[in-house]
Amino acid sequence: GKPPGVLATIIFAMPPVIRLTALGMRGVPETTKEAAVAFGCSRWQLLRNVELPLAMPSIMTGINQTILMSLSMVVIASLIGAEGLGALILEALQYAAKGQGLLGGLAILFCAMVIDRMAKGLYSRGTKWKVLTRRVLTEAIGHATSSWGGALLREKADAVRFHNTS
């Protein structure tokens, strides 16, 4: 069902964001940290006002990789019963329906491209990263992989299949 699919996706997609966040935090120059401490920054102020902003490009790369890896898990999650676009592709693989598989693959590709551009656009405009992670990750990935998207494409694929058989 959905819970195991979500859990598998989280486990699969978390390493890039963790590694790239750690890399970004380690990449903040020591001299910059020392200067901030010399001006009286507390640990919290140092993290919030110095380290996170300087590590943000690396963190955003990790978020971007996590988004794309999550979308790559759509088909795998459908193997354990999750609905959505992955179920469309899995059905196409089972019945060797090339058109249906291509349609589902292109839908996932389109979702990945749109979500990638949204994330880059929000970051380049200076939107705070909390808003980005809440809205883009939860809503966009949720809609892209929901049974709503799969049902819509399944309807289209059924119409194409009916047209091809008649």
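Just so we're clear, the structure is a prediction, and the values are computed from it rather than from any experiment. Excluded from the calculations below are hydrogen atoms, water molecules and symmetry mates; all remaining heavy atoms, backbone and side chain alike, are included.
Taking CE of Met25 as the reference point, atom CG of Leu52 lies at 5.0 Å (rounded to 0.5 Å). The structure places CG of Leu54 at 10.5 Å from CG of Asn49, a figure rounded to the nearest 0.5 Å. Rounding to the nearest 0.5 angstrom, the gap separating the OG1 atom in Thr9 from the CE atom in Met14 is 12.0 Å. One distance of note links CZ of Arg48 with SG of Cys41; it measures 11.0 Å at 0.5 Å rounding. We find the CG-CG distance between Leu109 and Leu102 to be 10.0 Å, quoted to the nearest 0.5 Å. Taking CE of Met113 as the start and CG of Leu106 as the end, the distance is 10.0 Å to the nearest 0.5 Å.
With sequence neighbours left out, the side chain to side chain contact (heavy atoms under 4.5 Å, CB included) criterion links Leu68 to Asn64, Ala112.
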For this session: Apply side chain to side chain contact (heavy atoms under 4.5 Å, CB included) to Thr66 and Ile63, showing your working.
Result: CA-CA 5 Å; Thr66 299; Ile63 289 173; 5.5 Å; no
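Under a hydrophobic-cluster definition in which Ile, Leu, Val, Met, Phe, Trp and Tyr are linked whenever side-chain heavy atoms come within less than 4.5 Å, directly or via other members, Met73 and Ile108 are assigned to different clusters. Put simply, Met56 and Leu47 are part of the same group of oily side chains (I, L, V, M, F, W, Y) that touch within less than 4.5 Å, one to the next. Each of Ile76 and Ile67 belongs to its own hydrophobic cluster when Ile, Leu, Val, Met, Phe, Trp and Tyr are linked at side-chain heavy-atom distances under 4.5 angstrom. Residue Ile18 is grouped with residue Ile10 when hydrophobic side chains (ILVMFWY) are merged at heavy-atom distances under 4.5 angstrom, including chains of intermediate members. Connection of Val50 to Ile59 is not established within any shared hydrophobic cluster, with ILVMFWY side chains joined at heavy-atom distances below 4.5 Å, either directly or through further cluster members.
Met69 approaches Pro16 most closely through the heavy-atom pair SD-CG, 3.2 Å. Summarising the geometry of Gly101 relative to Ile89, their closest heavy-atom pair is O-CG1, 4.3 Å, with the distance given to 0.1 Å. The shortest heavy-atom contact between Gln65 and Leu20 is CG-CD1, 4.5 Å. The two residues Cys111 and Leu71 come nearest to each other via the heavy atoms C-CD1, 4.0 Å.
Residues Thr32 and Glu51 form no side-chain contact, since every pair of their non-hydrogen atoms from C-beta on lies 4.5 Å or further apart.
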